[in-house]
Every structure is written in C-alpha cells, then in structure tokens.
There are 2 protein chains.
Amino acid sequence: MTLGMIDKTHRKELTPSRGRPLSKAGKGEVNRGEQFAATALDLFAERNFASVTIKDIAKEIGVNTALIYYYYKSKEDLFRAAIEFAIHQAFKNFSNLQARHENPVDVINNWLDNHVQLYAPIYKFVKVSLDYSGSETKIPIIDQQIRQFYDEEKRILSKCIGRGIQQGQFVACDPDALALFISTYLDGVMVRGVILNDFDLNQAVWALRQQIWAKLFGGNQVGEKSGLMTANI
Amino acid sequence: MTLGMIDKTHRKELTPSRGRPLSKAGKGEVNRGEQFAATALDLFAERNFASVTIKDIAKEIGVNTALIYYYYKSKEDLFRAAIEFAIHQAFKNFSNLQARHENPVDVINNWLDNHVQLYAPIYKFVKVSLDYSGSETKIPIIDQQIRQFYDEEKRILSKCIGRGIQQGQFVACDPDALALFISTYLDGVMVRGVILNDFDLNQAVWALRQQIWAKLFGGNQVGEKSGLMTANI
DNA sequence: GTCTATAGAATGATAGAC
DNA sequence: GTCTATCATTCTATAGAC
C-alpha cells in the first residue's frame with residue numbers, strides 16, 4: 001500500500017525462454033522483466049499503484065502471479081521498474097530531437113507535434129509521476145530521473161529559443177522562462193486530455209503554437225508567418 | 001477497489017450530537033457527514049481512492065470505522081461525496097468572482113491570484129478528478145459536475161475577455177480560445193506543483209500573466225502596462 | 001450516534017513441485 | 001522459468017451492544 005525503499009533486484013539481462021513464446025509482447029520489450037515493467041506501466045498509468053493488483057498484471061500477460069516475484073522483489077519494486085521504463089521511453093524521444101540540428105522553428109514545431117503524436121507515452125510518464133509524488137516513501141533515483149526529465153525538456157527548448165534569438169530570427173525574451181511556460185502548458189494538456197474525454201488535444205496544442213509564434217515573431221498577426229507556423233503539422 | 005454506481009445515501013441535514021464535540025472539525029463542516037466528506041477529500045487528494053482506507057479516514061477524525069457506514073453506504077459513496085464537496089468548494093470561489101462587475105483586467109488578475117492563493121482546494125479538485133477519471137465505473141452526476149466546473153471557468157474568463165474587446169480595451173482575439181488556453185495552463189501549474197516540489201508557483205502564474213497581457217494589449221513590451229498588470233498581486 | 005467485535009473477501013508474498 | 005497451493009495480512013462491511 002505504501003512504497004518502500006527497495007534498490008536491489010535480481011533482474012539482469014534476462015532472455016525469454018525459447019520454449020514458450022511471449023503471449024502478449026509487441027511493445028518493444030526484449031525480455032520478461034521488461035515485459036512486466038511495460039505492462040505494469042500501462043496499468044499503473046491507467047489506474048494507479050494501489051488499485052492495480054499483482055494478479056491484474058499477471059493476468060494481462062497471461063502468466064501466473066508467482067512469476068512476477070521471480071523477476072521482482074515486490075510490487076513496489078515493479079512499480080520502480082515501471083517508472084524507470086516510462087522515463088526511459090520519454091528520454092528516447094528527447095534524444096532523437098536533440099540530435100538533429102535543425103533551425104529553431106522546426107525544433108519547436110517538432111516538439112509540439114511530439115506531444116500530440118506521443119500523447120500516450122508522455123501521459124503515462126506524467127500520470128505515474130503524479131502517482132509517485134503522492135506515495136509516502138521516496139526513491140532517490142526516481143526523484144532524480146523525474147527532475148532530470150523536466151530539466152532536459154526545458155534545456156532543449158530553452159537552447160533552441162536562445163539560438164533563434166541570437167540568429168535574429170526571434171524577438172528577444174527570456175528563453176528559460178518561455179521554455180518552462182511551454183512545458184508547463186503541455187502538462188496541462190496531458191491532464192485535461194484525461195479528465196475531459198472530449199478535450200481537443202490538437203486545438204490545445206495549436207493554441208500554444210499561436211502563442212509561441214506571436215511572442216517570438218513579435219506580433220499578434222500570426223497569419224503572415226503561417227508558412228513557418230504550419231510546418232510539420 | 002473499483003467505483004460502483006451508488007446514488008442513495010441516508011445522509012440528510014445532519015446535526016452533530018450536542019453531547020459529543022467534534023474532535024477535529026474546523027474546515028467549515030457543519031455536520032458529521034460533511035466532516036467525513038471533507039476529511040476524505042483531503043486524504044483522497046493526497047493519495048488516492050484505493051490507497052486510502054476507511055480506517056485512515058476514521059482515524060484522522062478520531063472516530064470508529066463503523067461510524068462511516070452510518071453516514072455513507074460504502075467507501076465509493078464516500079468518494080462520491082468527497083468529489084461533490086470538492087466541486088462545491090471550487091464553485092464557491094467562482095461565484096464570488098462572478099458576482100462583482102469589475103473591469104476585465106481586474107477580473108483576470110483576480111482569477112490568477114485565486115489560483116495561487118487557493119492552490120490547495122483547486123489542486124484537490126484536479127487530483128481527485130484525475131483519480132476519478134481512471135476509475136472503472138462512472139457516476140453521471142460527477143461527470144456532469146466536473147464538466148460544468150470547467151465550462152464555468154471558461155465561461156467566466158471568456159465573458160470578461162469579450163467585454164474587454166468590446167470596450168476597445170483589449171486587442172481583438174478569440175475569447176473562448178484564450179480562456180481555454182489560460183485554464184489549461186493553470187491545470188499544468190497544478191500538476192507541476194506536485195510533481196516537482198520546488199516548482200515556483202508564483203513565477204509560473206506570473207509567466208502566464210505576461211503572456212495574457214502581451215496578447216491582449218497587443219505588444220511584447222509589457223512594462224508599459226505594468227500599472228494594470230501588477231494590480232491585485 | 002457511536003462503539004466493539006467479527007465475518008468475509010481480496011491481496012501481497014512465499015515454499016516447493018515440475 | 002513457470003506453475004500450484006497456501007499463509008498471513010489487510011480491508012470493507014455488517015451485526016449488535018450501549
């Protein structure tokens with residue numbers, strides 16, 4: 001019921017037994033350990049730590065309850081692995097974007113597109129983080145990784161805003177502040193998307209686009225810049 | 001563990017027995033029923049439906065577990081009451097603001113101040129709504145009230161933005177879209193405030209202020225309007 | 001109204017066979 | 001590695017005394 005401090009797992013680089021095929025793989029997991037973590041993440045994000053039972057997870061995969069305890073020390077340990085999996089997934093998208101040295105406008109547009117297209121994984125991360133923040137015991141590594149995720153998000157956005165300003169492409173402003181603004185708004189989008197099931201994700205992100213370009217191009221008339229604005233949509 | 005459809009309670013206008021004083025009242029509850037709902041809301045918001053036990057709630061108030069079942073049919077029924085309580089609380093602030101016919105700038109500034117000062121109750125509402133949205137069974141009344149809350153928020157903001165435009169005070173824009181934008185961002189602020197415990201609430205709301213006035217006054221230079229902007233902070 | 005006592009169900013976790 | 005069987009615990013909910 002409460003999360004305890006558990007660090008050690010006997011989860012190594014496990015390879016699924018050749019004899020029995022994975023019944024419900026297909027999310028990119030390589031081994032059973034990861035499969036459990038991925039499946040647990042789905043369920044924990046959909047509901048939460050307390051209301052998802054070990055039985056639920058085992059059932060979802062089609063194995064016995066006891067098998068989970070072969071890979072993980074406890075339910076909490078599995079939860080920890082699920083969060084780590086979520087963070088790992090989220091970071092993957094980050095590095096993809098960071099790698100390309102496109103012009104600032106494209107990077108920001110890509111970023112926003114990411115949040116629309118990758119709604120599910122990002123939402124899972126936010127939801128599980130929220131769940132974790134309400135739990136009693138804290139796991140230093142998880143805390144650190146969550147913070148790192150948001151810092152990284154801010155860093156990437158801030159950097160490319162700064163570059164745009166330097167290049168004279170954008171109106172001068174505080175890149176850090178704007179980056180945080182964007183990132184905070186996107187969290188709001190994630191939450192709204194769940195609370196109100198008819199929430200228009202596309203429109204919400206579109207509204208953010210308008211705001212950003214209005215600010216960075218220094219006018220309220222955004223139509224004139226629509227060539228840039230609608231790129232990559 | 002899962003929320004069922006429960007409608008009927010024997011919770012009437014209950015008055016606490018004179019013989020025994022309420023041990024831990026002081027949140028504005030009038031009767032035991034409300035006291036349970038208010039306390040349950042606190043705990044459900046802090047953690048969630050599944051991880052808060054009937055025992056926790058009873059303990060918090062200092063009464064016996066069985067007493068809860070005198071006022072509520074089940075744990076789910078208490079949860080329903082807790083959400084209703086949260087919505088009721090949130091609406092109270094709304095009507096206060098709506099009542100006064102101040103100028104649009106003041107109304108918006110007040111609105112933002114509200115979200116800083118009333119962080120706790122608003123957060124509780126968002127958190128519990130999120131929890132509810134993840135539950136299996138839906139209660140029509142709750143769904144309706146949550147939606148009504150957000151609609152009302154949008155309506156109030158939209159109305160005063162529209163009035164500002166009509167009066168020639170604001171630059172023309174889509175009032176509905178801007179209202180939704182503000183409201184979505186504020187949800188993001190709520191969530192961030194919990195996930196990252198060192199999140200600067202004031203700065204986040206301040207950033208929104210800047211965006212809003214930049215848009216409504218039609219320039220990026222907001223300093224000139226600072227007389228209006230910093231009103232009611 | 002509030003408490004004591006307890007039934008009944010579900011859950012996390014372990015031992016041990018295959 | 002995976003399963004069966006089971007224990008210990010915890011939790012919701014009820015019955016009934018005061």
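Numbered from 1 within each chain, the chains take letters A, B, ... in sequence-line order.
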Contact letters for nucleotides 13-18 of chain C, in which S counts primed atoms plus P, OP1 and OP2 and B counts the base, heavy atoms under 4.0 Å: BBB---
side-chain contact (heavy atoms from CB on, under 4.5 Å) involving B:A90 - partner list, sequence neighbours excluded: B:F149
All ring-ring contact (aromatic ring centres under 6.0 Å, His included) counterparts of A:F36, not counting sequence neighbours: A:Y71
For B:D174, side-chain contact (heavy atoms from CB on, under 4.5 Å) partners two or more places apart: B:D176, B:A177
Full working for side-chain contact (heavy atoms from CB on, under 4.5 Å) between A:Y69 and A:I54: CA-CA 10 Å; A:Y69 292 93; A:I54 290 289; 3.5 Å; yes
Interatomic distance where OH belongs to A:Y72 and P belongs to C:dG12 [whole Å]: 16 Å
Under-4.0 Å side-chain N/O to phosphate OP1/OP2 contact, A:Y70 with D:dG1: yes
A:K55 NZ to D:dC3 C1', straight-line distance once rounded to whole Å: 15 Å
Side-chain donor/acceptor pairs under 3.5 Å, residues 193-201 of chain B, sequence neighbours excluded:
| from | atom 1 | to | atom 2 | distance (Å) |
| --- | --- | --- | --- | --- |
| B:D198 | OD1 | A:R147 | NH2 | 2.8 |
| B:D200 | OD1 | B:N202 | N | 3.2 |
| B:D200 | OD1 | B:Q203 | N | 3.1 |

Distance in angstrom units between B:I57 CD1 and D:dC11 C1', rounded: 12 Å
Spacing between B:Y71 atom OH and D:dT14 atom P, to the nearest angstrom: 17 Å
Between C1' of C:dA5 and CG of B:L67, the distance in whole Å: 16 Å
B:T53, nearest nucleotide to its side chain (from D:dC11, C:dC3, D:dC3): D:dC11
side-chain hydrogen bond (donor to acceptor under 3.5 Å, both in side chains) partners for B:K124, two or more places apart: B:D42
Spacing of A:K59 atom NZ relative to D:dC3 atom C1', expressed in whole Å: 17 Å
